[in-house]
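Below is one structure; the comments refer to it alone.
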Amino acid sequence: MITETNQACDLVIFGAKGDLTKRKLLPALYRLEKSKKIHKDTRIIFSGRANWSTKDYIIVAKTAIKNFLNEEIDSVIWKKFVSRLHFCNIDFCELLHFFRLKEILQKKKNIIIYYCAVPPNTLNAIFTGLGNANLNVIPARIVLEKPLGICLETSKKINNQISKYFLESQIFRIDHYLGKESILNLLALRFANSFFFHNWDNKIIDHIQITVSEEVGIEGRWNYFDQMGQMRDMVQNHLLQILTILAMDQPKNITSESIQYEKVKILRSLNPIDINNVHKTTVRGQYCSGMIKGKQVPSYLEEYGANKNSNTETFVAIKVYINNQKWFGIPFYLRTGKRLAQKYSEIVVFFKKVPINLFKNSNLELSQNKLIIRLEPNTNIKFNIFNKTPGLDREYQLENSQLESIHLYKKYSKNLIDAYERLLLESMRGVKSLFVCRDEVEAAWKWIDPIIDGWKKMKNNTPELYISGTWGPKNSDLLLARNNHFWHKFN
Ligand code: BG6
């Protein structure tokens with residue numbers, strides 16, 4: 001069992017040149033340095049095929065941090081940060097190259113953490129190389145990035161490959177949404193507040209909407225994205241994580257085991273979607289050109305490196321039911337897409353209408369109370385209620401108002417922590433509660449695979465086009481309209 005430790009670590013990052021390392025890991029590590037969260041003797045060893053020296057890599061790292069961190073680099077912090085950096089040239093297919101890494105690691109007795117920021121097809125070579133060089137022994141840990149595979153079978157394959165060399169307790173699977181402050185707050189909202197705790201099931205709630213919309217396109221990642229699509233890239237992990245946290249029963253405590261146990265129960269209770277119901281319960285879209293923030297952007301098929309016949313979806317909307325006592329009959333709507341009108345993530349919980357309307361003569365028809373949880377940006381929580389309009393009218397007149405919204409993190413804005421900062425730190429501490437277990441990943445694929453398969457088998461399986469800068473394809477609205485529901489409008 002790995003326990004929290006303040007011990008010095010050797011953090012080995014495989015994929016030194018990659019997009020994730022440059023955009024997320026390097027800036028996050030620099031910020032951790034700045035907040036003095038990294039042990040003084042911790043080393044950070046970047047590894048990849050490039051024939052670089054540590055000096056060469058420091059230049060690469062500085063450029064990446066400058067490009068992707070919205071702040072000036074402080075020379076004192078930089079000096080300290082640079083003193084930790086090493087570069088180790090490894091071709092992952094060359095077993096003997098891992099002994100170069102061993103040589104560096106053996107110079108200290110630090111806890112070793114391997115972070116695999118590499119495409120899934122290189123993972124097995126890394127596991128084997130580490131195993132062969134005997135670099136896998138406890139207390140070493142290994143961090144895996146999502147997506148783990150592209151279906152249940154490939155995910156199992158990776159899990160089986162890694163389990164030859166590492167125990168489950170050594171494996172940390174990342175879904176960076178679990179490191180976001182606003183997602184962590186969902187647990188507090190649900191389980192620390194008796195009002196929400198007691199009003200969170202199909203007796204009170206009518207339906208729930210989860211939207212994760214993005215303005216970006218595929219950011220030069222055509223090859224990766226075209227294999228994945230929005231379903232594998234976003235729904236299989238981020239959206240299902242949000243859904244399970246919202247729907248799960250109260251865990252026994254807030255340890256990783258208890259939370260994961262409850263989340264897996266939800267994943268296994270999701271109503272199956274396959275060729276028989278996929279056309280009624282899902283919508284796939286692909287963006288064509290349009291305007292984002294006043295700028296013309298190309299269609300998906302015009303992106304750099306595109307295969308002009310690609311059928312890959314960049315938008316997904318799904319209606320899903322959870323087959324358990326608590327949620328029976330309640331639709332959960334998930335929606336996510338690239339090149340949409342606005343970048344934001346939000347959960348809207350619609351409560352049932354009161355059974356009898358005493359205020360029939362009001363100018364306002366009684367509708368549903370809504371709890372609006374804005375995850376990003378401007379994280380806040382609003383509750384829509386009806387009030388009596390003040391005045392001398394004999395009849396009650398009602399108005400729709402919002403209980404004071406809480407701008408959750410305004411007072412902390414300077415110290416807000418990026419998800420990768422938190423997750424890197426947790427992996428160095430050896431705390432697993434914000435990581436995803438094997439059962440979760442596999443249960444998620446088990447539900448996702450028949451949907452993708454259903455799409456393939458549909459007579460017309462081309463995604464519906466939508467104009468960049470809009471809210472996605474028309475059928476996304478129809479999906480809800482069939483149940484007399486409507487997407488909550490962004491405001
Ligand atoms: C990643 C996906 O996991 O999440 C990207 O691979 C996506 O395609 C990104 O853009 C969104 O993350 P965030 O934190 O910006 O919502």
Side-chain angles (χ1 to χ4, degrees), residues 15 18-25 27-28 31 68-70 115-120 143-150 155 172-186 210-243 245 284-287 292-293 297 300 303-306 310 312-316 334-347 373-379 409 416-424 434-436 440-441 444-445 448 468 472 490:
D19 204 50
L20 178 74
T21 304
K22 289 186 183 161
R23 271 174 201 275
K24 298 287 185 188
L25 304 184
R31 294 238 312 173
F68 295 111
L69 192 75
N70 277 339
Y115 193 119
C116 301
V118 293
V143 181
L144 301 180
E145 259 296 332
K146 63 138 277 251
L148 224 55
I150 55 165
S155 162
F172 289 58
R173 296 178 187 81
I174 282 211
D175 180 318
H176 78 275
Y177 270 49
L178 295 186
K180 291 187 187 238
E181 205 64 67
S182 57
I183 303 278
L184 290 167
N185 190 46
L186 290 176
I210 303 171
T211 297
V212 178
S213 89
E214 304 186 85
E215 280 171 8
V216 292
I218 46 159
E219 306 281 277
R221 299 184 302 161
W222 214 88
N223 279 339
Y224 158 80
F225 189 85
D226 201 54
Q227 239 201 80
M228 294 293 158
Q230 197 72 353
M231 186 68 157
R232 295 181 173 108
D233 187 46
M234 295 292 288
V235 181
Q236 190 272 346
N237 33 77
H238 307 325
L239 276 92
L240 285 185
Q241 282 297 330
I242 299 176
L243 170 70
I245 295 171
R284 305 169 73 214
Q286 190 187 76
Y287 63 81
I292 299 269
K293 288 201 174 128
V297 294
Y300 179 66
E303 294 279 9
Y304 179 74
S310 170
T312 297
E313 79 288 345
T314 59
F315 175 98
V316 181
L334 315 181
R335 164 173 75 158
T336 179
K338 306 245 183 271
R339 290 280 191 235
L340 297 184
Q342 189 79 34
K343 175 168 173 63
Y344 83 108
S345 319
E346 193 168 81
I347 299 160
I373 308 169
R374 170 65 63 80
L375 302 169
E376 278 179 339
N378 308 326
T379 307
Y409 303 125
L416 269 189
I417 299 190
D418 171 74
Y420 274 95
E421 263 175 78
R422 185 191 306 280
L423 295 174
L424 279 163
L434 302 183
F435 294 82
V436 183
E440 271 177 280
V441 177
W445 280 123
I448 294 280
S468 289
F490 171 83

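Treat the numbers as computed from the prediction; the structure is a model and nothing was measured. Each ligand, and each atom within it, is numbered from 1 in the order the structure gives. Index from 1, following the sequence.
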Could you list, one pair per line, each nitrogen or oxygen of ligand 1 together with any protein nitrogen or oxygen closer than 3.5 Å, giving atom names and the distance rounded to 0.1 Å?
from: ligand 1; atom 1: 3 (O); to: Lys146; atom 2: NZ; distance (Å): 2.7
from: ligand 1; atom 1: 3 (O); to: His238; atom 2: NE2; distance (Å): 2.7
from: ligand 1; atom 1: 4 (O); to: His238; atom 2: NE2; distance (Å): 3.4
from: ligand 1; atom 1: 6 (O); to: Lys146; atom 2: NZ; distance (Å): 3.1
from: ligand 1; atom 1: 6 (O); to: Arg221; atom 2: NH1; distance (Å): 3.4
from: ligand 1; atom 1: 6 (O); to: Asp233; atom 2: OD1; distance (Å): 2.6
from: ligand 1; atom 1: 6 (O); to: Asp233; atom 2: OD2; distance (Å): 3.3
from: ligand 1; atom 1: 8 (O); to: Arg221; atom 2: NH2; distance (Å): 2.5
from: ligand 1; atom 1: 8 (O); to: Asp233; atom 2: OD2; distance (Å): 2.5
from: ligand 1; atom 1: 8 (O); to: Lys338; atom 2: NZ; distance (Å): 2.9
from: ligand 1; atom 1: 10 (O); to: Glu214; atom 2: OE1; distance (Å): 2.4
from: ligand 1; atom 1: 12 (O); to: His176; atom 2: NE2; distance (Å): 3.3
from: ligand 1; atom 1: 14 (O); to: His176; atom 2: NE2; distance (Å): 2.8
from: ligand 1; atom 1: 14 (O); to: Lys180; atom 2: NZ; distance (Å): 2.6
from: ligand 1; atom 1: 15 (O); to: Lys343; atom 2: NZ; distance (Å): 3.0
from: ligand 1; atom 1: 16 (O); to: Tyr177; atom 2: OH; distance (Å): 2.5
from: ligand 1; atom 1: 16 (O); to: Lys343; atom 2: NZ; distance (Å): 3.2

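Heavy-atom minimum distance, Lys338 versus Val216: CB-O, 3.3 Å.
Remark: Tyr115 pairs with no residue by the ring pair (Phe, Tyr, Trp, His ring centres under 6.0 Å) rule, at least two apart or across chains. Residues meeting the side-chain contact (heavy atoms from CB on, under 4.5 Å) test with Asn223, sequence neighbours left out: none. Residues satisfying the ring pair (Phe, Tyr, Trp, His ring centres under 6.0 Å) test with Phe68, not counting sequence neighbours, are none.
Counting heavy atoms from C-beta on, the side chains of Phe225 and Glu303 never come closer than 4.5 Å. Looking at heavy atoms from C-beta onward, Thr336 lies out of side-chain contact with Phe315 at the 4.5 angstrom threshold.
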